[in-house]
K.L.:
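Quick one: this structure, given as structure tokens, is what I'll be asking you about.
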Amino acid sequence: MNAPMDNLRSGLAHLADDVAAVDLRDRALRTSRRIGLRRTALTSALSLVLLGGAGVTAVAMTGGGGGGADPATTATASLAPPSPSAPPARPAVSGDYYFYREVGATKLELYVLRERYECGTPEPGKCEPDIRTEKLRTITHAADERCPGNSVTVSPDGRRVAWVVTADDPSGVSGDLMIADIQGGTAQQRGTRVMCGGTRALVWTPDSTRLYVGKLSNTATVGVVDAATGKFSAMEPKAWQEAETLATGPYQGTVHDGRLTVTKADGTVPRSVAYQPEHDTDVAVLAVSQDGRFASVSTGGGDPSRQLHVAAVIDMATGRPVGFPVGKVDRVWFLPDGSLVVGVPGDPDRLYRLNADGQVAAEIAVDRAELKNQMLPFQAAFG
Amino acid sequence: MVDSFAAEFESFVRHRSPALLRAAYLLTGDQHLAEDLVQSALARTHRSWRRLHDSGNAEAYTRKVMYHLQVAWWRRGKVAEVLPGELPERGRGGDHSGAAALKLSLRAALLKLSDKQRAVLVLRFFEDRTEAEAAEVLGVSVGTVKSQTNKALARLRALAPELSDLHAANGAAR
């Protein structure tokens with residue numbers, strides 16, 4: 001016979017088996033450092049109080065206030081690292097941000113802003129970013145076409161670019177799939193009646209050899225196009241959706257009937273929280289973090305365009321919007337290590353790298369005159 | 001010496017995180033919140049590592065911080081709002097459906113307990129702490145642990161009668 005409560009003990013142990021083991025070392029060290037910096041900032045502020053510098057104190061204390069995230073980093077970045085040791089050097093990070101600029105009614109100029117760090121990793125006050133913008137190719141299209149700008153997509157290896165030009169579809173929602181070398185040269189037609197609307201019309205496979213597309217025909221067709229030959233292979237919608245999602249990350253999300261739901265690409269492990277879009281408009285989930293914890297939701301999605309702005313980033317563990325030290329964000333890219341790159345409304349000339357704790361790790365300023373006051377990048381790739 | 005401390009802390013995190021996460025998962029009912037909780041507790045342990053290293057109480061300190069942080073987070077309302085989806089099954093291929101259903105019921109019932117009730121249950125029946133040890137971790141009296149345990153078990157019976165065989169009798173005090 002079991003001892004009293006042995007069944008409860010085994011039930012709890014069984015339930016605890018559901019948690020997945022994760023490596024928390026780096027996260028713990030980051031949090032430790034943040035606590036140390038905050039304590040140092042507070043100590044400095046208190047010292048100023050003791051010195052009678054009330055006006056200066058108000059400035060010093062600003063670093064510790066406001067918002068869900070702790071913005072103490074920039075004010076104290078030059079301070080000595082906390083004991084017992086500084087975190088080890090992290091692997092080098094880099095970012096390639098792709099922009100386009102409309103030139104007249106018939107041209108798109110592609111650019112890439114390359115972000116690198118001389119010391120390998122963005123650390124405020126320590127590592128200078130090396131920002132260089134390079135002009136890529138020009139895409140020529142018929143006057144006032146919307147398809148090219150909404151569909152242009154660079155392959156993961158950064159070597160090719162694909163877009164759709166409206167051909168014989170008077171509605172302007174589909175056309176010829178064009179693929180070209182990103183540095184220039186003649187574009188090759190690799191498909192017809194390929195749809196160009198939505199937040200991601202064309203999705204490259206991770207090996208940069210094929211593209212997931214939808215085709216406009218008598219019945220909606222989805223499949224994959226071989227980038228070298230143009231051969232189209234139709235797929236079952238469910239398999240296509242899973243594969244297309246996996247090409248961009250392990251999770252997908254939807255907003256429906258007042259609920260934001262995130263699942264794995266195959267539809268399993270659903271996690272749902274209440275979400276009411278502003279003005280009750282249709283909205284889309286623009287991105288989900290690699291661990292499924294955070295989802296960025298668009299502003300009104302009635303316009304079938306990729307140029308949707310982020311209305312909120314939702315923490316799927318609490319259902320609450322995430323606060324950022326840079327204020328409201330307009331564009332969000334989630335990175336595999338939990339860090340983010342964000343753009344903010346009203347400032348298209350600057351992006352911010354945030355570490356996994358939400359702190360600003362680096363600012364990325366657009367350095368090329370032609371791209372000033374243009375749109376935020378349409379795509380980003382991270383190393 | 002600094003490198004030695006760093007290596008010892010890294011070893012501590014690597015070896016103790018899985019056990020800490022298991023308890024944190026029972027406290028929070030959520031993978032991400034459990035990670036946050038353990039991460040925060042480990043960060044505070046790191047801040048005090050030199051002292052803890054000398055005293056040899058690192059794990060006890062980390063667990064105590066974890067429980068205290070969890071109570072503080074509850075007070076701030078940092079609890080998973082709605083998680084209606086199926087729980088991910090990891091490595092439980094041999095689960096019978098009945099056992100899986102019981103597990104879901106237990107998880108749901110735990111999430112409806114108060115902060116202290118859940119904490120005393122996890123300490124007493126998952127970590128197998130005595131009432132005195134649980135009282136020390138939570139910073140309350142033994143009498144409070146006893147009363148919270150009784151209330152928690154009674155509430156479990158009311159919330160999930162199907163779990164009756166999990167708590168056939170109140171646990172005897174040790």
Side-chain angles (χ1 to χ4, degrees), chain A residues 1-36 39 81-88 259 261-264 268-274 289 291-294 315-320 356-357, chain B residues 2-3 5-6 9-10 13-14 17-18 21-26 30-36 38-40 42-47 49-50 78-92 99 102-103 106-107 110 121-122 125-126 128 156 163 165-172:
Chain A
M1 178 180 168
N2 286 345
M5 311 312 295
D6 273 1
N7 286 337
L8 178 55
R9 289 187 173 91
S10 73
L12 290 170
H14 189 184
L15 181 56
D17 288 344
D18 279 337
V19 76
V22 292
D23 184 356
L24 293 170
R25 176 181 164 276
D26 287 349
R27 289 169 57 176
L29 289 174
R30 277 199 303 271
T31 305
S32 170
R33 184 169 50 168
R34 196 181 71 221
I35 292 169
R39 286 178 183 166
S83 63
S85 69
R259 299 203 68 77
T261 302
V262 165
T263 71
K264 285 195 169 178
T268 62
V269 197
R271 176 179 287 268
S272 180
V273 298
S289 63
D291 61 359
R293 171 141 186 188
F294 301 103
D315 184 340
M316 296 303 295
T318 65
R320 299 196 181 102
D357 296 325
Chain B
V2 168
D3 285 346
F5 279 133
F9 180 74
E10 181 175 344
V13 172
R14 190 169 58 247
S17 287
L21 274 170
R22 285 168 61 82
Y25 183 69
L26 293 178
D30 180 80
Q31 171 82 34
H32 295 304
L33 292 180
E35 291 174 18
D36 287 354
V38 176
Q39 168 191 336
S40 297
L42 286 172
R44 283 154 179 82
T45 300
H46 180 253
R47 303 292 314 161
W49 185 250
R50 195 180 300 268
K78 187 174 178 177
V79 177
E81 181 209 5
V82 185
L83 304 172
E86 292 297 312
L87 283 172
E89 293 291 334
R90 297 187 180 94
R92 307 297 303 178
L102 274 180
K103 186 169 68 173
L106 177 59
R107 177 178 180 269
L110 280 175
L121 281 192
V122 175
F125 304 113
F126 177 70
D128 232 10
L156 269 189
L163 300 176
D165 63 338
L166 288 184
H167 40 72
N170 281 358

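Numbers restart at 1 for each chain; the letters A, B, ... are given by sequence-line order, proteins then strands.
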K.L.:
Is any NZ, NE, NH1 or NH2 atom of the basic residue among B/D30 and A/R271 found under 4.0 Å from an Asp or Glu carboxylate oxygen of the other?
P.N.:
yes

K.L.:
Look at B/V122, B/V13, B/L26 and state which one has the largest set of heavy-atom pairs under 4.5 Å with chain A.
P.N.:
B/L26

K.L.:
Ignoring hydrogens and angles, tell me if any N or O in the side chain of B/Q31 forms a donor-acceptor pair with the backbone of A/A20 under 3.5 Å.
P.N.:
yes

K.L.:
Check B/H32 against A/G292 and note the closest heavy-atom contact, atom names and distance.
P.N.:
NE2-C, 4.3 Å

K.L.:
Please evaluate residues B/E35 and A/R27 with respect to the criterion salt bridge (charged side-chain N to carboxylate O under 4.0 Å, His left out), reporting the C-alpha separation (whole Å), side-chain torsions for both, the decisive distance (0.1 Å), and the verdict.
P.N.:
CA-CA 9 Å; B/E35 291 174 18; A/R27 289 169 57 176; 2.7 Å; yes

K.L.:
Which value, rounded to the nearest 0.5 Å, describes the distance between B/H46 atom NE2 and A/R30 atom CZ?
P.N.:
13.0 Å

K.L.:
Just give me the residue among A/T261, A/T263, A/D291 that pairs up with chain B most often, heavy atom to heavy atom, under 4.5 Å.
P.N.:
A/D291

K.L.:
May I ask you to decide whether B/R14 forms a salt bridge with A/D23, counting only side-chain N to carboxylate O separations under 4.0 Å?
P.N.:
no

K.L.:
When rounded to the nearest 0.5 angstrom, what distance separates CZ in B/R107 from CG in A/D18?
P.N.:
8.0 Å

K.L.:
Do A/R293 and B/L33 come close enough that some side-chain heavy atom pair is under 4.5 Å?
P.N.:
yes

K.L.:
At what distance, to the nearest 0.5 angstrom, does CG of A/L29 lie from CZ of B/F9?
P.N.:
5.5 Å

K.L.:
Any chance you could lay out the side chain to side chain contact (heavy atoms under 4.5 Å, CB included) test for B/Q39 and A/V22, step after step, and finish with the verdict?
P.N.:
CA-CA 10 Å; B/Q39 168 191 336; A/V22 292; over 6 Å; no

K.L.:
So which of B/T45, B/L42, B/L21, B/L110 has the biggest tally of heavy-atom pairs under 4.5 Å with chain A?
P.N.:
B/L21

K.L.:
Look up atom CG in B/D36 and atom OG1 in A/T318, then write down how far apart they are to the nearest 0.5 Å.
P.N.:
9.5 Å

K.L.:
On a heavy-atom basis, which atom in B/A43 and which in A/S32 lie closest, and how many Å separate them?
P.N.:
CB-N, 3.5 Å

K.L.:
Return the CG to CZ distance between A/L12 and B/F125, rounded to the nearest 0.5 Å.
P.N.:
9.0 Å

